[in-house]
Amino acid sequence: MADILLQGGRVIDPARDFDANADVLLQGGKVARVGSGIAVPAGAKVIDVKGLWVVPGLIDMHTHLREPGQEYKENIETGTAAAAAGGFTAVCAMPNTRPPNDNRAVTELIVRRAREVGAVRVYPIGCITQGQKGETLSEMGELQEAGCVAVSDDGRGVMNSEVMRRALEYARGLGLPVIQHAEDTALSSGGPAHEGAVTTRIGLRGQPAAAESAMVARDIELVALTGAAYHVAHVSCAETVRLVRDAKARGLPVTCEVTPHHLMLTDEACAGYDTSTRVNPPLRSDRDVAAVREALSDGTIDAVATDHAPHSPVEKDVEFEQAAPGLIGLETALALCLELVETKVLSPTVLITRMSTAPARILHLSGGTLAPGSPADVTVIDPKAAWICEPNRLRSRSRNTPFGGRSMRGRAMLTIVEGNIAFAQEKFVG
Ligand SMILES: [Zn+2]
């Protein structure tokens with residue numbers, strides 16, 4: 001691979017409190033130098049990035065790549081291509097594949113396929129329980145050895161408190177974070193939308209916010225009991241934010257993430273029965289959206305994660321109640337979050353912290369910084385680029401997005417993984 005010199009960009013590296021115009025030199029798959037007026041090494045590729053941001057590669061903690069088992073929705077090749085186009089240099093692959101990633105063989109398959117066809121790094125997440133049934137713990141040590149960076153039964157919550165306690169104890173011994181899809185399924189009862197004024201008006205069954213927050217409240221007590229690192233996936237409501245804020249004030253090792261769609265859409269988006277707005281947890285009220293935005297700004301919410309969940313028309317061209325939950329997010333996340341920078345909810349530094357530095361820290365991944373010696377995982381962003389989200393032009397194999405037709409501002413121009421160009425916007429790099 002040739003050396004790359006990124007010249008004259010605005011370098012934002014929250015891990016080092018750095019935000020200034022500088023050159024970045026990538027050599028041998030690592031960040032070699034960051035500074036002004038770096039001389040061009042012989043044979044280096046020079047890329048003019050004036051007016052653009054140069055940031056540590058974005059990391060998505062929550063991606064569904066659908067391989068193995070549901071490759072008609074997405075596979076590791078298409079999913080990582082979508083990730084690279086969205087500015088992500090790494091994604092964490094959730095374990096609810098077919099079969100689920102609850103044993104070494106599945107983890108090894110994902111790692112191997114990612115090496116063969118992946119455009120970006122793929123970090124598998126293993127199951128908490130065998131078959132995600134919530135009964136018997138998976139062999140977490142084996143999963144970790146094979147490459148899993150965390151465990152989760154994402155798609156469902158661990159309902160049995162005793163099983164969750166044992167999971168936290170086991171994971172703590174291994175230093176593995178436990179990621180909870182917090183949903184008390186008895187309480188949510190399959191409700192396809194948020195229980196509130198909108199569901200009453202349009203006649204859909206709702207699930208209350210308490211279906212999420214009640215499980216988080218229980219889990220926080222189990223974290224206090226076990227001391228395990230615990231991370232709440234896709235926080236959607238004000239009550240969960242309050243609980244996490246309290247847990248952090250108690251000094252407990254609790255972190256959490258929010259999705260771009262829970263930051264940008266309310267339950268009003270479901271009023272037209274558009275099945276691409278059927279997500280789990282459901283889109284919530286104005287009050288909840290205000291709470292998660294505030295929490296993302298003040299650090300109560302550590303990270304933005306996409307919950308990229310591809311589905312085909314088979315699962316989505318049906319009645320709202322029957323539609324599979326989820327939307328694709330890898331290629332729209334950055335632009336949606338840049339709207340929060342434009343409206344001063346987040347500073348650029350806080351945005352990059354939430355999309356890169358914090359995910360690396362929570363999951364103990366390399367990357368998340370441009371410190372010399374770090375892997376050369378870099379995203380170059382044009383924060384002003386105007387574009388329209390056209391679902392047919394996205395790289396994901398699926399099209400289930402409610403953001404089709406939306407005018408976007410800001411996008412990844414260049415995504416570099418270990419010193420290699422994984423994605424470049426047309427005409428940007430010759
Ligand atoms: Zn989930």
Side-chain angles (χ1 to χ4, degrees), residues 58 60-64 86 94 152 154-155 157 179-183 188 191-199 204 206-213 215-216 231-245 255-271 274-309 323-341 343 345-346 350-351 354-355 358-359 389 400-403 406:
L58 307 182
D60 187 20
M61 296 181 68
H62 195 137
T63 309
H64 297 278
M94 279 296 175
S152 178
D154 188 52
I179 302 174
Q180 178 75 290
H181 167 115
E183 177 184 354
S188 63
H194 172 63
E195 182 180 304
V198 173
T199 37
L204 278 176
Q207 58 167 288
E212 174 179 298
S213 57
M215 184 170 278
V216 173
H231 179 84
V232 190
H234 41 53
V235 165
S236 68
C237 65
E239 292 75 13
T240 301
V241 165
R242 182 173 53 74
L243 290 163
V244 171
R245 193 173 277 137
T255 55
C256 67
E257 70 193 29
V258 64
T259 71
H261 48 278
H262 288 107
L263 289 163
M264 304 310 293
L265 299 175
T266 67
D267 52 356
E268 279 295 342
C270 305
D274 171 1
T275 57
S276 71
T277 66
R278 159 97 162 96
V279 289
N280 204 17
L283 300 172
R284 303 284 188 190
S285 69
D286 288 349
R287 174 181 152 268
D288 295 306
V289 172
V292 293
R293 285 181 170 207
E294 185 192 8
L296 187 66
S297 167
D298 73 20
T300 302
I301 295 179
D302 302 82
V304 171
T306 68
D307 195 4
H308 177 81
L327 57 80
I328 54 170
L330 286 168
E331 293 166 85
T332 50
L334 176 60
L336 292 171
C337 290
L338 282 165
E339 289 186 27
L340 298 177
V341 174
T343 54
V345 175
L346 305 177
V350 170
L351 174 74
R354 304 288 180 260
M355 296 189 80
C389 175
N400 51 306
T401 173
F403 298 110
R406 189 180 177 106

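What you are looking at is a predicted structure, and each value in this text was computed from that prediction instead of being measured.
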Got a donor-acceptor contact below 3.5 angstrom from the [X] side chain to the [Y] backbone?
X    : Y    : result
S152 : I179 : yes
Q207 : G191 : yes
D274 : A269 : no
H64  : H308 : no
T306 : H62  : yes
N280 : A324 : no

Does the side chain to side chain contact (heavy atoms under 4.5 Å, CB included) test come out yes or no for M215 and E183, once each step is laid out?
CA-CA 6 Å; M215 184 170 278; E183 177 184 354; 5.5 Å; no
Does the pair R245 and D298 meet the rule for a side chain to side chain contact (heavy atoms under 4.5 Å, CB included), with working shown?
CA-CA 10 Å; R245 193 173 277 137; D298 73 20; 3.0 Å; yes
Of E257, H181, H262, the one forming a side-chain hydrogen bond (donor to acceptor under 3.5 Å, both in side chains) with H234 is H181
Does the side chain of [X] reach to within under 4.5 Å of the side chain of [Y], using non-hydrogen atoms?
X    : Y    : value
R242 : T300 : no
R354 : D302 : no
V350 : S297 : no
M355 : D60  : no
L340 : L263 : yes

Can T255 and H231 be counted as having a side-chain donor-acceptor contact under 3.5 angstrom?
yes
Output the distance between atom OG (S285) and atom CD (E195), rounded to the nearest 0.5 Å.
12.0 Å
Nearest-0.5 Å distance that lies between atom CG in L265 and atom CZ in F403
4.0 Å
Could you work out, with ring pair (Phe, Tyr, Trp, His ring centres under 6.0 Å) as the rule, every residue matching H194, not counting sequence neighbours?
none
Take T277 and L283, measure what side chain to side chain contact (heavy atoms under 4.5 Å, CB included) needs, and give me the verdict at the end.
CA-CA 8 Å; T277 66; L283 300 172; 4.0 Å; yes
Determine the minimum heavy-atom distance between [X] and [Y], stating which atoms define it.
X    : Y    : value
P282 : P192 : CB-O, 4.4 Å
Q180 : G157 : OE1-CA, 3.6 Å
C337 : L351 : CB-CD1, 3.4 Å
A182 : V232 : CB-CG1, 4.3 Å
P260 : L336 : CB-CD1, 4.0 Å

Please say which of V244, V292, L243 ends up in a side-chain contact (heavy atoms from CB on, under 4.5 Å) with C256.
V244
Please evaluate residues T259 and D307 with respect to the criterion side chain to side chain contact (heavy atoms under 4.5 Å, CB included), reporting the C-alpha separation (whole Å), side-chain torsions for both, the decisive distance (0.1 Å), and the verdict.
CA-CA 7 Å; T259 71; D307 195 4; 3.9 Å; yes
Salt bridge (Lys or Arg N to Asp or Glu O under 4.0 Å): which pairs involve residues 278-297, sequence neighbours left out?
E239-R287
For residues 325-334, which residue pairs pass the salt bridge (Lys or Arg N to Asp or Glu O under 4.0 Å) check, not counting sequence neighbours?
none
